[in-house]
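Just below is one structure, and these are the notes that go with it.
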Amino acid sequence: MPGDEGADQTLPRFAALVLEVVQRVPPGRVLTYGDVAEYLGEGGPRQVGSVLSRYGSDVPWWRVLRADGTPAPQVRARALDHYVTEGTPLRRAGDRVDLRRARWHGDAG
DNA sequence: GCAATGACTGGTA
DNA sequence: TTACCAGCCATTG
């Protein structure tokens with residue numbers, strides 16, 4: 001298959017991969033930046049965050065957060081609003097996601 | 001081609 | 001629990 005790129009036109013390769021994964025995360029579930037990088041098998045957490053910062057506006061970016069269950073500071077308020085709307089498991093304090101229950105384990109479950 | 005940047009992470013105090 | 005540090009790596013100027 002010649003030139004198997006296509007798909008995401010002007011987006012960098014890694015960015016396209018990240019966006020694909022984020023779009024597959026079902027409502028009420030989340031992944032950490034590190035999880036996405038590991039799922040792709042390349043890049044790192046910072047790259048994932050960087051991609052969402054630049055191109056994440058068209059995907060459910062709030063379903064990707066830090067390893068401690070807190071979203072990025074600049075989008076914290078909006079992210080928390082989505083969690084409540086989607087019924088994402090939150091901790092008692094309600095200001096961070098309960099990763100133990102909310103973390104998405106891929107299509108397998 | 002090189003240096004700087006950043007929606008991160010895990011360890012230590 | 002919070003605070004700080006060094007490592008990490010694709011993308012950008």
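To find a chain, count down the sequence lines: A is the first, B the second, and so on, and within it residues start at 1.
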Check your understanding: NA contact type, A:Tyr33, heavy-atom cut-off 4.0 Å: base, sugar-phosphate, or nothing?
Key ->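 A:Tyr33: base contact, heavy atoms under 4.0 Å.
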
Practice item. Identify whether any heavy atom of A:Arg66 sits under 4.0 Å from a base atom; if not, whether one sits that close to sugar-phosphate; answer base, sugar-phosphate or nothing. Key: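 It contacts sugar-phosphate atoms only.
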
Answer yes when [X] and [Y] have at least one side-chain N-carboxylate O distance shorter than 4.0 Å, and no when they do not.
X: A:Asp81; Y: A:Arg78; value: no
X: A:Arg96; Y: A:Asp68; value: no
X: A:Arg103; Y: A:Asp98; value: no
X: A:Glu86; Y: A:Arg63; value: yes

Point to revise | Mutual orientation of the aromatic rings belonging to A:Trp62 and A:His82 [parallel < 30°, tilted 30-60°, perpendicular > 60°] | key: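 The arrangement is parallel - the two ring planes meet at less than 30°.
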
Practice item. Shoot me the first and last contacting nucleotide of DNA chain B against chain A, ordered 5' to 3', at under 4.0 angstrom to non-hydrogen atoms. Key: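 Contacts span B:dG6 to B:dG10, reading 5' to 3'.
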
Exercise for review: Map A:Arg96 and A:Gly43 onto DNA chain C by nearest heavy atom, then report which one ends up closer to the 5' terminus.
Suggested key: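 By nearest-heavy-atom nucleotide position, the 5'-most residue is A:Arg96.
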
Check your understanding: Considering heavy-atom distances to DNA chain C, does A:Arg46 or A:Arg91 have its closest nucleotide positioned more toward the 5' end?
Key ->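 Closer to the 5' end of DNA chain C: A:Arg91.
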
**Study point:** chain A footprint on DNA chain C, 5' to 3' - any atom under 4.0 Å from a heavy atom
**Key:**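 Nucleotide range with atoms under 4.0 Å of chain A: C:dG7 to C:dT12.
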
Practice item. For residues A:Trp104 and A:Pro26, determine if any side-chain heavy atom of one lies less than 4.5 Å from a side-chain heavy atom of the other. Key: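 Yes - at least one pair of side-chain heavy atoms lies under 4.5 Å apart.
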
Point to revise | With A:Glu42 via side chain to side chain donor-acceptor pair (under 3.5 Å) - residues at least two apart | key: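 With neighbours one apart ignored, the set is A:Arg13.
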
Point to revise | Atom CZ of A:Arg29 with >12 non-hydrogen neighbours under 6.0 angstrom | key: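 Correct, the count exceeds 12.
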
